[in-house]
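Residue numbers start from 1 in every chain, and the chains themselves are labelled A, B, ... in the order their sequence lines are given, proteins ahead of strands.
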Number of protein chains: 2
Amino acid sequence: MGRDALTVPLIAARAGVTPSTVYRRWGDLRELLSDVAVERLRPEAPPADHGSLRADLEAWAVQFAEEMSSTAGAAYIRDALLGDPEQGNAARCSDYAAEQLKAIGVRAAGRGEAVPGVETLLDVVVAPLMYRILFRPGDLSEDYTGHLVAAALGRLAPPPAPPAASPPAEAHKS
Amino acid sequence: MGRDALTVPLIAARAGVTPSTVYRRWGDLRELLSDVAVERLRPEAPPADHGSLRADLEAWAVQFAEEMSSTAGAAYIRDALLGDPEQGNAARCSDYAAEQLKAIGVRAAGRGEAVPGVETLLDVVVAPLMYRILFRPGDLSEDYTGHLVAAALGRLAPPPAPPAASPPAEAHKS
DNA sequence: CGTCGGACGCAACTTCTTCGCGTTAAGCTG
DNA sequence: CAGCTTAACGCGAAGAAGTTGCGTCCGACG
């Protein structure tokens with residue numbers, strides 16, 4: 001069935017209820033789609049353990065980029081952003097990513113690795129990916145994702161030791 | 001008039017045409033609003049010259065953040081993203097920012113300053129701002145914007161000399 | 001057992017959306 | 001300049017979607 005041919009009466013018929021029931025519960029097709037999108041964007045499993053912070057982050061970021069840049073993923077993001085007056089659903093999406101990154105972080109900290117803060121990871125890895133997905137379609141590559149992770153690891157926390165590798169200066173070019 | 005009470009027949013009446021004319025030209029209310037939003041988001045003037053790359057970037061980023069995080073600005077961004085099947089309008093928004101940053105960059109290069117690439121600036125400054133505006137409303141401060149600019153300047157280009165200051169390690173915390 | 005509240009179906013009503021037809025105006029050709 | 005072509009618009013009807021009030025059913029509570 002067509003993506004934007006979806007209407008409340010169709011959904012109601014599929015659900016075996018009358019359209020008025022759907023309108024009363026959600027009030028709007030966009031709000032319903034927004035709730036559905038958030039549900040679909042919820043991660044199903046904790047991030048996989050690949051033995052190191054870098055490997056975990058790269059694997060997670062690549063999977064994240066693939067999911068979100070797919071046709072379906074991008075549609076979900078847009079739906080989640082749209083029918084959402086108080087931005088509650090959008091914040092939930094960000095929280096999902098933050099939870100996953102947090103899990104990766106505590107696991108790495110348990111190994112004794114230096115770990116960037118969740119805020120830093122959101123800024124350096126998630127935000128650029130999302131920005132490209134939303135505003136610059138077709139501009140994503142696995143190399144780029146790896147570059148973002150490297151940039152995040154270039155901003156490590158002061159506690160344990162000085163950062164081993166120097167930050168990649170001006171890596172990525174248009 | 002109410003924001004989402006806007007309908008095609010209302011716009012047509014205001015424009016002095018029949019609704020069918022509007023439907024034929026745009027096909028959809030969302031596409032019309034998307035075009036309007038892009039027009040409103042177009043920068044009116046080149047970025048102001050404050051004498052240094054850092055000052056120019058900070059001023060531009062602060063103004064950008066203010067505009068985009070305002071109620072009207074956020075609504076425009078959402079409209080631009082929404083009614084836009086081929087993502088042409090979203091790409092245009094990104095191009096606007098890229099043009100402004102490019103102008104700041106060439107001006108700084110004319111002064112002999114080391115300049116981060118436009119891609120880097122989009123990743124490090126624009127993307128985090130947009131991500132917060134879209135996914136984490138109410139999470140923007142001027143300090144944060146300055147922090148982003150500082151992070152961008154921490155990633156300078158290799159040509160002139162090795163980066164003077166070390167990158168700010170793990171500055172910003174939730 | 002009686003009452004209350006919430007949720008739903010039903011149906012009428014309003015508004016939006018689509019589509020075909022006739023008209024008008026601009027541009028081009030002979 | 002006359003005639004033709006094309007694109008855009010107005011008009012009106014038909015179809016679909018969105019909105020609302022009323023009656024009914026079912027579970028909860030006293």
Side-chain angles (χ1 to χ4, degrees), chain A residues 1-42 70-93 95 134-135 137, chain B residues 1-42 70-93 95 134-135 137:
Chain A
M1 157 176 313
R3 172 72 187 77
D4 46 358
L6 204 57
T7 65
V8 171
L10 281 178
I11 296 172
R14 174 72 87 88
V17 297
T18 59
S20 59
T21 299
V22 178
Y23 283 119
R24 267 189 275 259
R25 285 190 81 81
W26 278 279
D28 196 345
L29 175 62
R30 297 182 325 196
E31 296 183 28
L32 191 158
L33 289 179
S34 182
D35 288 348
V36 172
V38 171
E39 195 59 30
R40 303 290 220 126
L41 290 173
R42 167 179 304 179
S70 70
T71 306
Y76 287 142
I77 297 174
R78 289 149 141 250
D79 287 345
L81 282 177
L82 240 73
D84 189 14
E86 316 88 359
Q87 296 277 97
N89 282 344
R92 209 158 325 185
C93 292
D95 289 342
L134 288 175
F135 292 95
Chain B
M1 158 175 312
R3 172 75 187 76
D4 45 358
L6 205 57
T7 66
V8 171
L10 281 179
I11 296 173
R14 176 72 87 88
V17 297
T18 58
S20 59
T21 298
V22 176
Y23 282 119
R24 265 189 278 256
R25 286 190 81 81
W26 279 278
D28 195 346
L29 175 62
R30 296 182 326 196
E31 298 183 28
L32 191 157
L33 289 179
S34 182
D35 287 348
V36 172
V38 171
E39 194 59 32
R40 302 289 220 127
L41 291 173
R42 166 179 303 177
S70 70
T71 306
Y76 286 142
I77 297 174
R78 288 150 143 251
D79 288 343
L81 280 178
L82 240 74
D84 190 13
E86 315 88 359
Q87 296 279 97
N89 282 343
R92 210 158 326 189
C93 292
D95 289 342
L134 288 174
F135 291 95

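Checked by atom type and distance alone, the side chain of A:Asp84 pairs as donor or acceptor with a backbone atom of A:Ala90 at under 3.5 Å.
One can place CZ of B:Arg25 at 15 Å from C1' of D:dG10, the figure rounded to the nearest angstrom. The OH-P distance, from B:Tyr23 to D:dG10, rounds to 14 Å in whole Å. For the pair A:Ile11 CD1 and D:dG18 C1', the computed distance is 14 Å after rounding to whole Å.
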With the sugar-phosphate defined as primed atoms, P, OP1 and OP2, and the base as all remaining atoms, what B/S/- string results for nucleotides 23-28 of chain D, 5' to 3', for protein heavy atoms under 4.0 Å? ------
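Once you apply a 4.0 Å limit to the heavy atoms of chain B, the touched nucleotides of DNA chain C run 5' to 3' over C:dC16 to C:dG20.
Toward the 5' end of DNA chain D, the nearer of the two residues B:Arg24 and A:Leu29, judged by each one's closest nucleotide, is B:Arg24.
Between A:Leu29 and A:Ile11 the shortest side-chain heavy-atom distance falls below 4.5 Å. B:Val36 has its side chain out of reach of B:Trp26: every pair of non-hydrogen atoms, C-beta onward, lies at least 4.5 Å apart. Two residues are said to be in side-chain contact when any heavy atoms from C-beta on lie closer than 4.5 Å; A:Leu33 and A:Leu6 meet this criterion. For the pair B:Leu134 and B:Leu81, the minimum side-chain heavy-atom distance is below 4.5 Å.
Shown here for B:Cys93 and B:Ala80, the closest heavy-atom pair between the two residues is SG-CB, 4.1 Å. Among all heavy-atom pairs drawn from A:Ala37 and A:Asp79, the shortest one is CB-CB, 3.9 Å.
Judged by distance alone with a 3.5 Å cut-off, a donor-acceptor contact links the side chain of B:Ser20 to the base of D:dC11.
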Taking it one step at a time, do B:Leu41 and B:Val38 satisfy side chain to side chain contact (heavy atoms under 4.5 Å, CB included)? CA-CA 5 Å; B:Leu41 291 173; B:Val38 171; 5.7 Å; no
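Residue B:Thr21 has no polar side-chain atom (N or O) positioned under 4.0 Å from OP1 or OP2 of D:dC9.
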